[in-house]
2 protein chains.
Amino acid sequence: MNGTQAPARRSRKKQKGNIYTADCPSRSVLDHVTSRWNSLILVMLLEGTHRFSELAHRIGGVSERMLAHSLHALEADGFVLRVVHPTKPPKVEYSLTPLGSDLATHVQVLTAWIEENVSRVLDYRKASAKK
Amino acid sequence: MNGTQAPARRSRKKQKGNIYTADCPSRSVLDHVTSRWNSLILVMLLEGTHRFSELAHRIGGVSERMLAHSLHALEADGFVLRVVHPTKPPKVEYSLTPLGSDLATHVQVLTAWIEENVSRVLDYRKASAKK
DNA sequence: CCGCATCCTTTTTGATACTG
DNA sequence: CAGTATCAAAAAGGATGCGG
(Lines give C-alpha, C1' and ligand atoms only; values in the text may rest on other atoms or scores of the structure.)
Protein backbone atom coordinates (compact mmCIF):
# COMPACT_ATOMS: atom_id res chain seq x y z
CA MET A 1 0.00 0.00 0.00
CA ASN A 2 1.08 3.56 0.27
CA GLY A 3 0.86 4.88 -3.28
CA THR A 4 3.63 6.76 -4.94
CA GLN A 5 1.49 9.16 -6.92
CA ALA A 6 0.36 12.44 -5.40
CA PRO A 7 -3.23 12.33 -4.21
CA ALA A 8 -4.20 15.48 -6.14
CA ARG A 9 -6.91 16.41 -3.72
CA ARG A 10 -8.05 19.76 -5.02
CA SER A 11 -9.06 23.06 -3.57
CA ARG A 12 -7.58 22.43 -0.16
CA LYS A 13 -4.52 24.27 0.93
CA LYS A 14 -3.25 21.57 3.26
CA GLN A 15 -1.54 19.33 0.77
CA LYS A 16 0.61 16.44 1.92
CA GLY A 17 4.14 16.30 0.58
CA ASN A 18 5.88 13.32 -0.94
CA ILE A 19 9.27 13.10 0.67
CA TYR A 20 10.67 10.78 -1.99
CA THR A 21 10.38 13.47 -4.65
CA ALA A 22 13.55 15.48 -5.10
CA ASP A 23 11.88 18.84 -5.56
CA CYS A 24 9.21 18.45 -2.90
CA PRO A 25 9.61 21.06 -0.17
CA SER A 26 9.25 18.35 2.45
CA ARG A 27 12.67 17.16 1.36
CA SER A 28 14.26 20.44 2.36
CA VAL A 29 12.46 20.32 5.68
CA LEU A 30 13.81 16.84 6.27
CA ASP A 31 17.30 18.05 5.42
CA HIS A 32 16.99 20.85 7.93
CA VAL A 33 15.64 18.61 10.65
CA THR A 34 18.32 16.00 10.14
CA SER A 35 21.16 18.46 9.69
CA ARG A 36 23.92 17.48 12.03
CA TRP A 37 23.20 19.76 15.01
CA ASN A 38 19.60 20.67 14.43
CA SER A 39 18.14 17.51 15.87
CA LEU A 40 20.19 17.93 19.03
CA ILE A 41 19.10 21.55 19.34
CA LEU A 42 15.45 20.64 18.93
CA VAL A 43 15.61 17.95 21.59
CA MET A 44 17.46 20.21 24.01
CA LEU A 45 14.98 23.03 23.58
CA LEU A 46 12.24 20.58 24.48
CA GLU A 47 13.45 21.12 28.05
CA GLY A 48 12.60 24.79 27.79
CA THR A 49 14.14 28.10 26.83
CA HIS A 50 17.91 28.22 26.55
CA ARG A 51 20.50 30.89 25.90
CA PHE A 52 22.98 30.70 23.09
CA SER A 53 25.86 30.07 25.43
CA GLU A 54 23.97 27.33 27.24
CA LEU A 55 23.35 25.49 24.01
CA ALA A 56 26.97 25.98 22.97
CA HIS A 57 28.17 24.58 26.25
CA ARG A 58 25.89 21.58 26.51
CA ILE A 59 26.02 20.37 22.93
CA GLY A 60 29.45 18.85 22.86
CA GLY A 61 31.60 19.58 19.83
CA VAL A 62 29.50 22.29 18.25
CA SER A 63 31.23 25.50 17.20
CA GLU A 64 29.61 28.86 17.75
CA ARG A 65 29.49 29.35 14.02
CA MET A 66 27.58 26.14 13.41
CA LEU A 67 25.28 26.76 16.33
CA ALA A 68 24.34 30.19 15.01
CA HIS A 69 23.80 28.76 11.53
CA SER A 70 21.64 25.92 12.77
CA LEU A 71 19.55 28.16 14.97
CA HIS A 72 18.89 30.52 12.07
CA ALA A 73 17.80 27.63 9.89
CA LEU A 74 15.43 26.34 12.56
CA GLU A 75 14.10 29.83 13.08
CA ALA A 76 13.49 30.30 9.35
CA ASP A 77 11.40 27.14 9.27
CA GLY A 78 9.29 28.33 12.19
CA PHE A 79 10.50 25.72 14.66
CA VAL A 80 12.50 27.98 16.92
CA LEU A 81 11.73 31.38 18.37
CA ARG A 82 14.60 33.79 18.93
CA VAL A 83 14.25 36.54 21.49
CA VAL A 84 16.93 39.18 21.92
CA HIS A 85 17.21 40.95 25.25
CA PRO A 86 19.02 44.24 24.65
CA THR A 87 20.68 44.08 28.02
CA LYS A 88 24.34 44.53 28.77
CA PRO A 89 25.86 42.07 28.33
CA PRO A 90 23.46 40.96 25.59
CA LYS A 91 21.31 37.89 26.07
CA VAL A 92 19.58 35.87 23.39
CA GLU A 93 17.08 33.21 24.29
CA TYR A 94 15.85 30.40 22.11
CA SER A 95 12.69 28.40 22.55
CA LEU A 96 10.45 26.10 20.53
CA THR A 97 7.36 27.29 18.74
CA PRO A 98 4.29 25.03 19.03
CA LEU A 99 5.16 23.60 15.64
CA GLY A 100 8.78 23.05 16.65
CA SER A 101 7.72 21.49 19.90
CA ASP A 102 5.55 19.01 18.06
CA LEU A 103 8.38 18.14 15.74
CA ALA A 104 10.96 17.92 18.51
CA THR A 105 8.83 15.36 20.31
CA HIS A 106 9.26 12.97 17.42
CA VAL A 107 12.96 13.71 17.12
CA GLN A 108 13.38 12.97 20.80
CA VAL A 109 11.88 9.53 20.35
CA LEU A 110 14.59 8.88 17.80
CA THR A 111 17.48 10.17 19.89
CA ALA A 112 16.19 8.28 22.91
CA TRP A 113 16.03 5.10 20.85
CA ILE A 114 19.61 5.61 19.73
CA GLU A 115 20.82 6.18 23.28
CA GLU A 116 19.08 2.98 24.35
CA ASN A 117 20.31 0.84 21.48
CA VAL A 118 23.78 2.21 20.87
CA SER A 119 25.44 -0.81 22.44
CA ARG A 120 23.70 -3.11 19.97
CA VAL A 121 25.09 -1.08 17.09
CA LEU A 122 28.55 -1.07 18.62
CA ASP A 123 28.43 -4.85 19.01
CA TYR A 124 27.49 -5.20 15.37
CA ARG A 125 30.21 -2.84 14.21
CA LYS A 126 32.78 -4.75 16.20
CA ALA A 127 31.59 -8.09 14.86
CA SER A 128 31.72 -7.05 11.23
CA ALA A 129 35.11 -5.42 11.67
CA LYS A 130 36.49 -8.71 12.99
CA LYS A 131 35.12 -10.76 10.10
CA MET B 1 13.94 16.73 34.64
CA ASN B 2 16.03 14.45 32.59
CA GLY B 3 19.47 14.69 34.19
CA THR B 4 22.59 15.47 32.29
CA GLN B 5 24.92 13.18 34.13
CA ALA B 6 25.41 9.60 33.00
CA PRO B 7 23.59 7.08 35.15
CA ALA B 8 26.73 5.00 35.80
CA ARG B 9 24.83 1.79 36.24
CA ARG B 10 27.59 -0.75 36.72
CA SER B 11 28.34 -4.25 35.64
CA ARG B 12 25.78 -4.34 32.88
CA LYS B 13 26.80 -4.28 29.29
CA LYS B 14 23.75 -2.42 28.12
CA GLN B 15 24.83 1.12 28.87
CA LYS B 16 22.78 4.06 27.67
CA GLY B 17 24.60 6.70 25.64
CA ASN B 18 24.51 10.42 26.13
CA ILE B 19 23.91 11.95 22.76
CA TYR B 20 25.01 15.41 23.84
CA THR B 21 28.56 14.23 24.43
CA ALA B 22 30.81 14.72 21.43
CA ASP B 23 32.70 11.48 21.75
CA CYS B 24 29.77 9.27 22.66
CA PRO B 25 29.19 6.57 20.03
CA SER B 26 25.52 7.40 19.98
CA ARG B 27 26.50 10.62 18.28
CA SER B 28 27.95 8.74 15.34
CA VAL B 29 24.84 6.59 15.15
CA LEU B 30 22.71 9.71 15.05
CA ASP B 31 24.90 11.11 12.29
CA HIS B 32 24.41 7.96 10.27
CA VAL B 33 20.68 7.85 10.79
CA THR B 34 20.23 11.49 9.89
CA SER B 35 22.69 11.46 7.02
CA ARG B 36 20.96 12.91 4.03
CA TRP B 37 19.70 9.75 2.27
CA ASN B 38 19.81 7.21 5.05
CA SER B 39 16.53 8.20 6.63
CA LEU B 40 14.77 7.90 3.29
CA ILE B 41 16.31 4.51 2.65
CA LEU B 42 15.25 3.24 6.06
CA VAL B 43 11.68 4.36 5.58
CA MET B 44 11.46 2.89 2.11
CA LEU B 45 12.82 -0.46 3.23
CA LEU B 46 10.06 -0.53 5.82
CA GLU B 47 7.82 -1.52 2.90
CA GLY B 48 9.90 -4.61 2.36
CA THR B 49 12.88 -5.83 0.40
CA HIS B 50 14.09 -3.66 -2.45
CA ARG B 51 16.71 -3.93 -5.15
CA PHE B 52 19.42 -1.36 -5.65
CA SER B 53 17.86 -0.04 -8.83
CA GLU B 54 14.43 0.24 -7.21
CA LEU B 55 15.86 2.38 -4.44
CA ALA B 56 17.81 4.48 -6.93
CA HIS B 57 14.70 5.03 -9.01
CA ARG B 58 12.25 5.83 -6.25
CA ILE B 59 14.43 8.05 -4.11
CA GLY B 60 14.47 11.17 -6.21
CA GLY B 61 17.78 12.96 -6.61
CA VAL B 62 20.08 10.33 -5.18
CA SER B 63 23.19 9.40 -7.13
CA GLU B 64 24.38 5.84 -7.38
CA ARG B 65 27.50 6.78 -5.54
CA MET B 66 25.64 8.17 -2.56
CA LEU B 67 23.11 5.34 -2.54
CA ALA B 68 25.87 2.73 -2.46
CA HIS B 69 27.72 4.68 0.19
CA SER B 70 24.63 5.11 2.35
CA LEU B 71 23.65 1.47 2.06
CA HIS B 72 27.11 0.40 3.14
CA ALA B 73 26.95 2.66 6.16
CA LEU B 74 23.53 1.31 7.16
CA GLU B 75 24.79 -2.21 6.66
CA ALA B 76 27.86 -1.57 8.81
CA ASP B 77 25.63 -0.39 11.66
CA GLY B 78 23.50 -3.51 11.44
CA PHE B 79 20.35 -1.79 10.21
CA VAL B 80 20.31 -3.13 6.68
CA LEU B 81 20.91 -6.60 5.30
CA ARG B 82 22.50 -6.97 1.87
CA VAL B 83 21.91 -10.15 -0.10
CA VAL B 84 23.67 -10.77 -3.40
CA HIS B 85 22.09 -13.15 -5.89
CA PRO B 86 24.84 -14.38 -8.20
CA THR B 87 22.53 -14.46 -11.21
CA LYS B 88 23.12 -12.92 -14.57
CA PRO B 89 22.48 -10.08 -14.61
CA PRO B 90 23.38 -9.70 -10.92
CA LYS B 91 20.71 -8.85 -8.42
CA VAL B 92 21.26 -7.35 -4.99
CA GLU B 93 18.46 -7.06 -2.49
CA TYR B 94 18.35 -4.89 0.57
CA SER B 95 16.13 -5.36 3.58
CA LEU B 96 15.91 -4.22 7.18
CA THR B 97 17.28 -6.21 10.07
CA PRO B 98 15.04 -6.41 13.17
CA LEU B 99 17.13 -3.63 14.68
CA GLY B 100 16.85 -1.52 11.54
CA SER B 101 13.14 -2.14 11.34
CA ASP B 102 12.69 -0.89 14.86
CA LEU B 103 14.69 2.21 14.12
CA ALA B 104 12.98 2.84 10.79
CA THR B 105 9.60 2.85 12.51
CA HIS B 106 10.62 5.91 14.48
CA VAL B 107 12.14 7.59 11.45
CA GLN B 108 8.93 7.04 9.55
CA VAL B 109 6.96 8.88 12.21
CA LEU B 110 9.25 11.82 11.58
CA THR B 111 9.00 11.78 7.79
CA ALA B 112 5.25 11.33 7.98
CA TRP B 113 5.01 14.33 10.29
CA ILE B 114 7.01 16.40 7.86
CA GLU B 115 4.84 15.39 4.92
CA GLU B 116 1.77 16.34 6.91
CA ASN B 117 3.08 19.66 8.14
CA VAL B 118 5.15 20.85 5.23
CA SER B 119 2.58 23.44 4.24
CA ARG B 120 2.81 25.04 7.67
CA VAL B 121 6.56 25.38 7.28
CA LEU B 122 6.17 26.81 3.80
CA ASP B 123 3.68 29.37 5.08
CA TYR B 124 6.12 30.40 7.74
CA ARG B 125 9.02 30.65 5.33
CA LYS B 126 6.94 32.80 3.02
CA ALA B 127 5.82 35.06 5.82
CA SER B 128 9.30 35.70 7.16
CA ALA B 129 10.68 36.27 3.67
CA LYS B 130 8.09 39.00 3.14
CA LYS B 131 8.92 40.75 6.37
C1' DC C 1 31.60 39.85 27.69
C1' DC C 2 28.03 37.63 24.08
C1' DG C 3 26.53 36.63 19.60
C1' DC C 4 27.79 36.00 15.16
C1' DA C 5 30.03 37.49 10.45
C1' DT C 6 34.15 36.83 7.62
C1' DC C 7 38.24 34.27 5.98
C1' DC C 8 40.26 30.04 4.95
C1' DT C 9 40.77 24.76 5.43
C1' DT C 10 38.72 20.15 5.45
C1' DT C 11 35.10 17.01 4.51
C1' DT C 12 31.07 15.64 1.90
C1' DT C 13 28.56 15.29 -2.32
C1' DG C 14 27.80 15.10 -7.27
C1' DA C 15 28.81 14.07 -12.56
C1' DT C 16 30.99 11.20 -15.41
C1' DA C 17 33.28 7.21 -16.99
C1' DC C 18 34.51 2.61 -16.51
C1' DT C 19 34.50 -2.73 -14.56
C1' DG C 20 32.59 -7.54 -13.03
C1' DC D 1 22.52 -4.61 -13.10
C1' DA D 2 25.24 -3.10 -9.50
C1' DG D 3 28.45 -1.00 -8.31
C1' DT D 4 33.69 1.55 -8.03
C1' DA D 5 37.27 5.28 -9.41
C1' DT D 6 38.32 9.80 -10.36
C1' DC D 7 37.88 14.60 -10.43
C1' DA D 8 35.26 19.00 -9.57
C1' DA D 9 31.95 21.55 -6.83
C1' DA D 10 29.66 22.51 -2.63
C1' DA D 11 28.99 22.44 2.03
C1' DA D 12 30.60 21.97 6.83
C1' DG D 13 33.89 23.26 10.09
C1' DG D 14 37.52 26.00 12.69
C1' DA D 15 40.04 30.43 13.90
C1' DT D 16 39.72 35.00 14.34
C1' DG D 17 37.83 39.57 14.86
C1' DC D 18 34.31 43.06 15.57
C1' DG D 19 29.87 45.36 16.86
C1' DG D 20 26.63 46.02 20.70
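Naming convention: chains lettered A, B, ... in sequence-line order (proteins, then strands); numbering from 1 in each chain.
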In whole angstrom, what separates [X]'s [atom1] from [N]'s [atom2]?
{"X": "A:E93", "N": "C:dC2", "atom1": "CD", "atom2": "C1'", "answer": "13 Å"}
{"X": "B:H57", "N": "D:dG3", "atom1": "NE2", "atom2": "C1'", "answer": "18 Å"}
{"X": "A:L67", "N": "C:dA5", "atom1": "CG", "atom2": "P", "answer": "12 Å"}
{"X": "B:H69", "N": "D:dA2", "atom1": "NE2", "atom2": "C1'", "answer": "17 Å"}
{"X": "B:H50", "N": "D:dC1", "atom1": "NE2", "atom2": "C1'", "answer": "17 Å"}

Notebook entry, point to check: With respect to B:L96, which candidate in B:L81, B:L74, B:V80, B:T49 satisfies the side-chain contact (heavy atoms from CB on, under 4.5 Å) definition?
Noted result: B:V80
Next item on the list: Taking only the side-chain heavy atoms of B:F52 (C-beta and beyond), determine which of D:dG3, C:dG3, D:dA12 contains the nearest atom.
Entry: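 Closest of the options to the side chain of B:F52: D:dG3.
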Check: Is the closest side-chain donor-acceptor distance between A:T21 and B:R58 under 3.5 Å?
Finding: no
Next item on the list: For the residue pair B:H50 and B:E93, confirm or rule out a side-chain donor-acceptor distance under 3.5 Å.
Entry: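 Checked: B:H50/B:E93 side chains show no N/O donor-acceptor pair below 3.5 Å.
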Margin query: With a 4.5 Å cut-off on side-chain heavy-atom distances among I, L, V, M, F, W and Y, is there a chain of contacts connecting A:I41 to A:V84?
Written below: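 Yes, it is one cluster - the side chains of A:I41 and A:V84 are joined through contacts under 4.5 Å.
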Check: In terms of hydrophobic clustering (I, L, V, M, F, W, Y; side-chain heavy atoms under 4.5 Å; direct or indirect links), are A:V33 and B:L122 co-clustered?
Finding: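 Yes; tracing contacts between hydrophobic side chains, which count when under 4.5 Å, links both residues.
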Check: Less than 4.5 Å apart, any side-chain heavy atom of B:V121 and any of A:L99?
Finding: yes
Notebook entry, point to check: What residue among B:R51, B:E75, B:R82 forms side chain to side chain donor-acceptor pair (under 3.5 Å) with B:Y94?
Noted result: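 Answer to the side chain to side chain donor-acceptor pair (under 3.5 Å) test with B:Y94 among B:R51, B:E75, B:R82: B:R82.
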Check: Is any side-chain nitrogen or oxygen of A:Y94 closer than 4.0 Å to OP1 or OP2 of C:dC2?
Finding: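 The answer is no; no side-chain N or O of A:Y94 sits under 4.0 Å from OP1 or OP2.
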Margin query: At under 4.0 Å between heavy atoms, how does the protein contact nucleotides 13-20 of chain D? Give one character per nucleotide, 5' to 3', with B, S or -.
Written below: BBB----B
Check: Are A:K16 and B:E115 ion-paired here, with the side-chain N under 4.0 Å from a carboxylate O?
Finding: yes
Notebook entry, point to check: Which of residues 72-88 of chain B have a heavy atom under 4.0 Å from DNA chain D?
Noted result: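 B:H72, B:R82, in order of number.
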